[in-house]
Amino acid sequence: MKQLRTPIVSVLGHVDHGKTTLLDKIRRTRVTAKEAGGITQHIGATEIPIDLIKQICKDIWNVKVTIPGLLFIDTPGHKAFTNLRRRGGALADLAILIVDVNEGFKPQTEEAVSILRTFKTPFVVAANKIDRIPGWQSSEYAPFLKSWAQQDDFTKQKLENKIYELIGDLYRFGFSADRFDRIKDFTRTVAIVPISAITGEGIPELLMILVGLAQKYLEENLRLQVEGKAKGTILEVKEEKGLGITCDVILYDGTLKVGDTIAIAGKDDVIVTHVKGILKPRPAKEMRVESKFQSVKSVTAAAGVKLVAPNLEGVLAGSEFEAVESEEDIKNFRERVKKEYEEISIQTDEEGVVLKTDTLGSLEALINELKEIEIPIKKAEVGDVDKRDVVEASANRDELNRVILAFNVKLLPGVEEEAAKYGVRIFKEDIIYTLLDKVKQWREEEKLARERQKIEALVKPAKIKLLKEFIFRRSKPAVVGVKILAGELRKDVRLIKPDGSPAGVVRSMQKEGENVSVAKEGEELAVAIDGVTIGRHLEGDEVLYVDVPERHAKILERDLMDTLSEEAKKAFKEFLEIKRKENPFWGK
Ligand code: GDP
């Protein structure tokens, strides 16, 4: 059986919910038992060997182990998650979503969940800061269930309520979740582990569930990835005294050796270089030595190391690299990188918003989110917003799409002026969720405003009665007093008789000598009707209906009945009956 590689774990969550504290706590874990191997510091990551995890979890351990340990990426947060990518997804194999249990979900928590959903990354929820629950009795590093058993009922209930809230929040994102000890099938339900990053309570269960998840979900992947071509992701490009420009990288696949040639995806093209040195941090006890790094000949995934190589100037953080052995390899790598970029950026619509983001990861996450809420995308790219983006956005037919979404990028000079000129709206945010919320809200408001305009423009039903005693003129136009029995009467509408025959067009209306444009239910006023002669077409005392055009009638009947008064509704139904006597499908 091939060796399994170490799973890569990332910690995400809202600011101040405890990501850094949790990573520190895990890093500083010391176990009294001497036999357990210690924590290994990597560049940009911390490795906890499986023996140490077993020690931490010794009271509760119940899984069969096949992985060598867990590699935690030191940079916490969703930025690390979307920036650090590998072929076809996120760098991290697993994630801890940390939530301050007293505060619950916050914007960045929601963002993190949506990122995890986009990348289909298995995760555990760490419900942090349980030591802050009023009445909580802490015990250092205790498994949660042991600590739980010592709490009084009141305190327990407090925590339970908080957990239920988390379950509800996760449900909104389509995840079913529960407290870890109530879960039977971890492949269907997201585990919530109550912890304290300060006291260490719950950390045993948290680690054990991570190990379990890694083995359940990722075993196949992990097994495949330990051998073969080295593949990795650039964490950071750094000038290092005496070494020049170096790259901190996470190797997620294969084995990398000094002397290997690697191809790195650059902004415009692929950079090919060869590895001159592979450096690891020197263990703490050897820190007296002049350099903080030690040089190694080779390294196996997963690991965080510093690479020394020529030509690293143009390399960008977040790029991927791969060991190459031939021109053919380089060509394939270049094509694959290009294709992956295109796959993300080019599934676009003819008509839609313009999306600009800082990284490929955030681009992918936002594309997915926008699809979910059915906002079409015309152009999606990594980079700052420039004037061309404004032109593209302004060329949309639908005003709702004359929009630029700018995530974590700058507006280049002149863009704002240009946008104002072309009527393009720019939404610029650095939290995915805030960005989406603002756009959604704006679109809804715009839609409502339009709806209102549309309703305004519809011809509404009305039923009127001519008042024989107020015939002022018999024709051209006939002028006669009317009473509005139901609905509202406006200028320029056509009238019909109860038998469906036409009864002229309302040309103008006067009340107490003044022209009016609307007459409401119950009002009496003088109306000029064109196209009829009283005494010939009309008696002068009949009931007439507004002849609502078929298309308007259809919209009214289908969507807007609620906007009509009871009387108007009744009159409209009578009107429809008149129309449908001849043609039962009229207005349907
Ligand atoms: P980050 O922004 O997510 O990295 O959050 P930090 O790890 O910096 O934590 C923010 C604050 O919360 C710090 O003052 C921590 O000491 C505190 N904190 C973190 N975890 C816990 C915890 O479990 N219990 C308590 N009482 N405080 C915590």
Side-chain angles (χ1 to χ4, degrees), residues 8-30 39 44-46 48 56-57 70 72-84 90 92 94-116 121 123-148 150-151 155-156 158-163 165-166 169-170 179-180 191-210 235-236 408 430-434:
I8 301 168
V9 186
S10 177
V11 181
L12 291 85
H14 192 72
V15 63
D16 280 347
H17 279 199
K19 298 177 291 291
T20 318
T21 313
L22 175 64
L23 281 166
D24 278 352
K25 191 74 180 172
I26 292 175
R27 259 197 301 259
R28 276 186 286 115
T29 308
R30 258 186 273 283
I39 279 170
T46 306
I48 315 194
I56 297 173
C57 309
L70 295 171
F72 285 85
I73 299 176
D74 286 345
T75 330
H78 69 266
K79 271 300 278 302
F81 210 87
T82 49
N83 282 352
L84 305 180
L94 295 170
I96 298 175
L97 175 68
I98 191 161
V99 190
D100 180 336
V101 76
N102 304 290
E103 288 206 339
F105 264 50
K106 291 278 170 184
Q108 283 160 302
T109 321
E110 304 198 325
E111 170 153 326
V113 176
S114 70
I115 288 167
L116 293 170
T121 308
F123 66 99
V124 184
V125 176
N128 192 29
K129 308 198 187 180
I130 53 169
D131 60 298
R132 287 247 185 101
I133 304 257
W136 189 268
Q137 304 291 321
S138 289
S139 34
E140 189 90 5
Y141 282 116
F144 167 75
L145 287 177
K146 202 168 153 195
S147 200
W148 173 251
Q150 289 164 9
Q151 311 303 323
T155 309
K156 280 182 176 171
K158 278 236 155 93
L159 178 58
E160 286 288 48
N161 293 343
K162 298 290 184 190
I163 303 264
E165 277 172 34
L166 288 184
D169 284 326
L170 286 156
R179 206 173 85 181
F180 69 97
I192 299 175
V193 187
I195 67 156
S196 164
I198 295 276
T199 69
E201 287 161 287
I203 289 183
E205 283 105 331
L206 186 67
L207 292 177
M208 193 171 77
I209 289 170
L210 278 174
L235 289 180
E236 216 178 321
N408 242 333
D430 49 17
I431 294 180
I432 293 183
Y433 249 74
T434 323

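Whatever order the structure lists ligands and atoms in, that order sets their numbers, starting from 1.
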Using a 4.0 Å cut-off on heavy atoms, what residues surround ligand 1? Order them by chain and number.
His14, Val15, Asp16, His17, Gly18, Lys19, Thr20, Thr21, Asn128, Lys129, Asp131, Arg132, Ser196, Ala197, Ile198
For Asp16, what residues pass the side-chain hydrogen bond (donor to acceptor under 3.5 Å, both in side chains) criterion, not counting sequence neighbours?
none
Under the side-chain contact (heavy atoms from CB on, under 4.5 Å) rule, collect the residues that match up with Ser139, sequence neighbours excluded.
Ala142, Ser147, Gln150, Glu201
Look at the rings of Trp136 and Trp148 and say which category their plane angle falls in: under 30° parallel, 30 to 60° tilted, over 60° perpendicular.
tilted
With Asn128, the side-chain contact (heavy atoms from CB on, under 4.5 Å) member among Val99, Ile198, Ile98:
Ile98
Those residues that, when tested against Asp169, pass side-chain contact (heavy atoms from CB on, under 4.5 Å) (two or more places apart)
Phe105, Arg172
Let me know which of Glu110, Glu103, Lys19, Gln108 forms a side-chain hydrogen bond (donor to acceptor under 3.5 Å, both in side chains) with His14.
Gln108
